[in-house]
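Nothing here was measured: the structure is a model prediction, and the numbers come from that model. We count ligands from 1, going down the list as the structure has it; atoms in each ligand are counted the same way.
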Amino acid sequence: MLMKKLTLPLGLLLPLLLVAGCSDSGDDNPTGSGGSGGNTPALSVADAVADEGATMSFTVTASAAPTSDVTFTASITALSAGASDYTLGSASGTLSAGNSSTTVDVTIANDVVAEASEVFRLVISAPTNATIADGEALGRITPSDGGADISFSGTVQSLVSTWCGACHISTTNGGLNMGAGPTAAGLRAAAGSNGAIISIGQAASSNLYRKTTDTPPFGARMPFGGPYLSTAQQNQIRDWINQGAQDN
Ligand code: HEC
């Protein structure tokens, strides 16, 4: 008899707590479109690769299928200087209610110029009924008409380990330890006191390249104290970064 009297108030209290919890999370919804059911999925866009002359499709995925239509803005940032072989299909995208992914298409021109890989960045922003978890992706155009990419394993890896290893591999100078190998992924993730050493697709703002030139952005030219890399060697590091800092 006593047990039953105790369970009744608890049974009433629990739904009350749940209702309070729901209205709390509803208040956190930044877009706050009333009556939409209150789910606010987070959008992420993934890297993509395509040949010249093809359509490059970036997949935009939601953390959960939205209960009302989600729209967002799409834009392209050119990375390597002079890059212009691509056109955005549409500057806005839609993820319809009930679907958890959609695509943003970019048309890649075929300019019949033999060139190496070219990279650009797709950015999605300003979503309605959603937030952005990862709004940036890299698009890489593969060299379908003859241009050759700088190979990491064939060129850059040995260059860096021979010329930089004594001070930056398994040891730290300027806050920078490039890690064993080095590997392409390790270099992409490596940072010194002045931040990341690679900005993928942008050698002009990558310290891994700029510090090897005769106009380093700060401090000394590398390798510290010389002798220095030849211009051809500097350009191999530059081109590898501009072509996407691939593990190739
Ligand atoms: C003899 C030792 C030595 C060698 C070899 C050397 N470095 Fe350095 N490196 C340093 C020192 C010391 C600093 C800090 C002073 C400065 O930035 O000028 C530094 C700093 C740097 C930084 C800046 C890190 C930051 O965020 O502040 C980069 C990038 C870098 N080195 C790249 C290289 C590359 C690329 C090579 C090979 C081509 C190389 N270094 C070879 C000694 C060396």
Inset, instruction - Give a yes-or-no answer on whether the side chains of Thr107 and Thr87 include a donor-acceptor pair shorter than 3.5 Å. - result: no

Inset, instruction - Quick one: look at Leu176 and ligand 1, take heavy-atom pairs under 4.0 Å, and tell me if it's side chain, backbone, both or neither. - result: side chain

Legend entry - ligand 1-proximal atoms of Leu208, by part, heavy-atom distance under 4.0 Å: both

Distance filter under 4.0 Å to [X] heavy atoms, resulting ligand 1 atoms:
X	answer
Asn194	25 (C), 26 (O), 27 (O)
Gly219	18 (O)
Lys211	16 (C), 17 (O), 18 (O), 21 (C), 22 (C), 23 (C), 28 (C), 29 (C)

Inset, instruction - Go through the steps to decide whether Thr102 and Phe72 satisfy the test side chain to side chain contact (heavy atoms under 4.5 Å, CB included), and finish with yes or no. - result: CA-CA 11 Å; Thr102 186; Phe72 54 86; 4.1 Å; yes

Nearest 0.5 angstrom please: [X] [atom1] to [Y] [atom2], how far?
X	Y	atom1	atom2	result
Thr213	Asn235	OG1	CG	10.5 Å
Met56	Asp105	CE	CG	10.5 Å
Leu79	Gln243	CG	CD	13.0 Å
Thr183	Asp247	OG1	CG	7.0 Å

Can you confirm, on distance only, whether ligand 1 has an N/O atom lying under 3.5 Å from any N/O atom belonging to [X]?
X	result
Ser193	yes
Asn207	no
His168	yes
Asn173	no

Legend entry - Option with minimal heavy-atom separation from atom 10 (C) of ligand 1, where the choices are Met222, Met178, Gln233: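 Looking at heavy atoms only, Met222 sits closest to atom 10 (C) of ligand 1.
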
Legend entry - Nearest-option assignment for atom 35 (C) of ligand 1, heavy atoms, candidates Ala220, Cys164, Ser161, Gly192: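 Checking each option, the heavy atom nearest atom 35 (C) of ligand 1 is found in Cys164.
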
Legend entry - His168 side chain near Asn173 side chain, heavy-atom distance below 4.5 Å: yes

Legend entry - Contact check, Ala166 vs ligand 1, heavy-atom distance below 4.0 Å: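 Flag not set, Ala166 not near ligand 1.
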
Legend entry - ligand 1 contacted by Phe218 (non-hydrogen, < 4.0 Å):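 Judged by the 4.0 Å heavy-atom criterion, Phe218 does count as contacting ligand 1.
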
For [atom], find the nearest protein heavy atom and state the residue, atom name and distance (0.1 Å precision).
atom	result
atom 42 (C) of ligand 1	Phe224 CB, 3.4 Å
atom 24 (C) of ligand 1	Gly174 O, 3.5 Å
atom 4 (C) of ligand 1	Cys167 SG, 3.3 Å

Inset, instruction - Tell me, with the steps shown, if Phe218 and Asn207 meet side chain to side chain contact (heavy atoms under 4.5 Å, CB included). - result: CA-CA 9 Å; Phe218 56 84; Asn207 290 337; 3.6 Å; yes

Legend entry - For Tyr228 against Met222, the heavy-atom pair lying closest together: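 Where Tyr228 meets Met222 most closely, the heavy atoms are CD2-O, 3.5 Å.
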
Legend entry - Identified side-chain contact (heavy atoms from CB on, under 4.5 Å) counterpart of Ser44 within the set Asp134, Ile124, Thr59, Val60: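 It is Asp134, the one option of Asp134, Ile124, Thr59, Val60 that forms the side-chain contact (heavy atoms from CB on, under 4.5 Å) with Ser44.
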
